[in-house]
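Step one of this worksheet: look at the structure below.
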Number of protein chains: 2
Amino acid sequence: MRVYLRYVMERHQQPGAAIEETLRVVGDRWSILLVRAGLRGIRRFDDFCDDLGIARPVLTERLRRLVKFGIFERVKYQDKPVRYEYRLTEAGLALSPALVALVRWSEEYSQEKSSDVILVHGPCGTELEQAFWCRSCQSTFGPHAVKGVSSSSGS
Amino acid sequence: MRVYLRYVMERHQQPGAAIEETLRVVGDRWSILLVRAGLRGIRRFDDFCDDLGIARPVLTERLRRLVKFGIFERVKYQDKPVRYEYRLTEAGLALSPALVALVRWSEEYSQEKSSDVILVHGPCGTELEQAFWCRSCQSTFGPHAVKGVSSSSGS
DNA sequence: CTACTGAGTTCGGATTCCGAACTCAGTATT
DNA sequence: AATACTGAGTTCGGAATCCGAACTCAGTAG
């Protein structure tokens, strides 16, 4: 079955608020990488630092901001010398669909291929594909069926 | 049916190559916004400029880079004074799942809500949800069913 | 008393970003 | 013919951001 999508993307109030909102939070060079590291189980400051090669002052600032936006939480894991680590919140975990989409894209369209399996279906072990799902039609279709129909630009 | 996912995310060769690959292309502050503008039908230099409020030198550099990576193509649309415009390629369109994921996230988890309908199912007009789809199981499940199981971090 | 860990801060220098003004080809206006 | 306008860029100087390296600070281990 062939389904085509219409991109509508209306601006309600602010110009293109929704994506900008998200990008205002994770739209810099490091935040998404931090989330990915978090998904891989990294939690400590120095580990983030070593794993990503991010500069320490920037890491400090970025983690603080991500905590502020509720993506990571700063948890004390030790008292003696008081130490904190950073854990993904539910909101942070909820970014995974975006990460998966990013990985999938690189697999399909990036010149330098790098097969980096990120998500598997628990029960059967197959790689997952990402799809669109229409609630009322109950149908699923992949990004390949996507077709851009530009609404004729107004003024 | 309840399905849980396991985050596996192995590093094959380079540390976390896949996402970094994608982010190396669209991981700056503007590229994703440019793609979104492209999806909305914007094609001309000045229109990108006005719509996003991006500085012209940066726009120049960004478009050049995105053309180099095959996300936009520079098409001559007029001969008299020769003029070019920028159109999304198939690879560029293929970024839409990521954009949708970003929009969905802002709708669910961002404090400042902004209902900005981005994708609709052509035939029935309902908003689309994004889902994971397992090819072999033929089942679909949403991000809500996602559960993070951090692989215990090694050394 | 010295060495080490781990989460940050404090620096100076390098890069990138920005807005505003400029270029350059051709077209429309007077 | 002279002026104004369009559209895709360049060329500036100043401002914000990034970086690596060294430093702080509390507590532990030898």
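No experiment lies behind these values; they were computed from the predicted model shown. Residue numbers start from 1 in every chain, and the chains themselves are labelled A, B, ... in the order their sequence lines are given, proteins ahead of strands.
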Worksheet item: D:dG9 phosphate, OP1 or OP2: any side-chain N/O from B:Tyr86 under 4.0 angstrom?
Response: yes
Worksheet entry | Atom pair distance, as rounded to whole Å: CG in A:Leu59 and C1' in C:dA7 | 10 Å
Practice prompt. Please identify each residue that fulfils salt bridge (charged side-chain N to carboxylate O under 4.0 Å, His left out) with A:Asp47, with sequence neighbours left out.
Written response: none
Discussion item. Without decimals, in angstroms, what is the distance between A:Arg44 CZ and C:dT5 P?
Written reply: 13 Å
Fill in: D:dT17 phosphate, OP1 or OP2, under 4.0 Å from A:Arg65 side-chain N/O
no
Worksheet item: Is the shortest side-chain N/O distance from A:Arg62 to OP1 or OP2 of C:dG8 below 4.0 Å?
Response: no
Worksheet entry | Whole angstrom value for the distance that separates C1' of D:dT17 from CG of A:Asp28 | 11 Å
Worksheet, complete the sentence: Quick tally for nucleotides 18-30 of chain C: nucleotides whose base has a protein heavy atom under 4.0 Å get B, sugar-phosphate-only ones S, the rest -, giving SB-B---BSS---
Worksheet item: Using links of under 4.5 Å between side-chain heavy atoms of ILVMFWY residues, direct or through other members, which residues join B:Tyr77 in one cluster?
Response: none
Fill in: Distance, rounded to the nearest Å, where B:Asp47 contributes CG and D:dA8 contributes P
7 Å
Discussion item. Going by purine N1 to pyrimidine N3 plus the second Watson-Crick contact, or the G-U wobble pair, all under 3.5 Å, which nucleotide sits opposite C:dT23?
Written reply: D:dA8
Discussion item. Between A:Arg43 and C:dA7, is there a contact of a side-chain N or O with OP1 or OP2 at under 4.0 Å?
Written reply: no
Fill in: Atom-to-atom span, CG of B:Asp50 to P of D:dA8 - whole angstrom
10 Å
Worksheet item: Where the side chain of B:Gln78 meets the backbone of B:Pro81, is there a donor-acceptor pair that is under 3.5 Å apart?
Response: yes
Worksheet item: Taking any strand in view, what nucleotide pairs with C:dT30 in a Watson-Crick or G-U wobble way, both distances under 3.5 Å?
Response: D:dA1
Fill in: Gap between atoms CZ and P, on A:Phe72 and C:dG8 respectively (whole Å)
13 Å
Item to complete: Provide, to the nearest angstrom, the distance between the OH atom belonging to A:Tyr84 and the P atom belonging to C:dT9.
Response: 13 Å
Worksheet item: How would you label the contact of B:Tyr77 with the nucleic acid (heavy atoms, under 4.0 Å): base, sugar-phosphate, or nothing?
Response: sugar-phosphate
Fill in: Gap between atom CZ of A:Arg44 and atom CZ of A:Arg83 - 0.5 Å precision
9.0 Å
Worksheet item: Atom CG in A:Leu102, atom CD1 in B:Ile32: separation rounded to 0.5 Å?
Response: 6.0 Å
Fill in: Ring-face cation of B:Arg74 near B:Tyr84 (centre distance under 6.0 Å, axis angle within 45°)
yes
Worksheet item: Is a donor on one side and an acceptor on the other found under 3.5 Å between the side chain of B:Ser106 and the backbone of A:Ile19?
Response: no
Item to complete: Specify the separation, in whole Å, of atom CD1 of B:Ile42 and atom P of D:dG7.
Response: 14 Å
Worksheet item: Between C:dA7, D:dA8, C:dG8, which nucleotide has the shortest distance from any of its atoms to the side chain of A:Asp46?
Response: C:dA7
Worksheet entry | Nearest-nucleotide comparison on DNA chain D, the residue closer to the 5′ end among A:Glu61 and B:Arg74 | B:Arg74
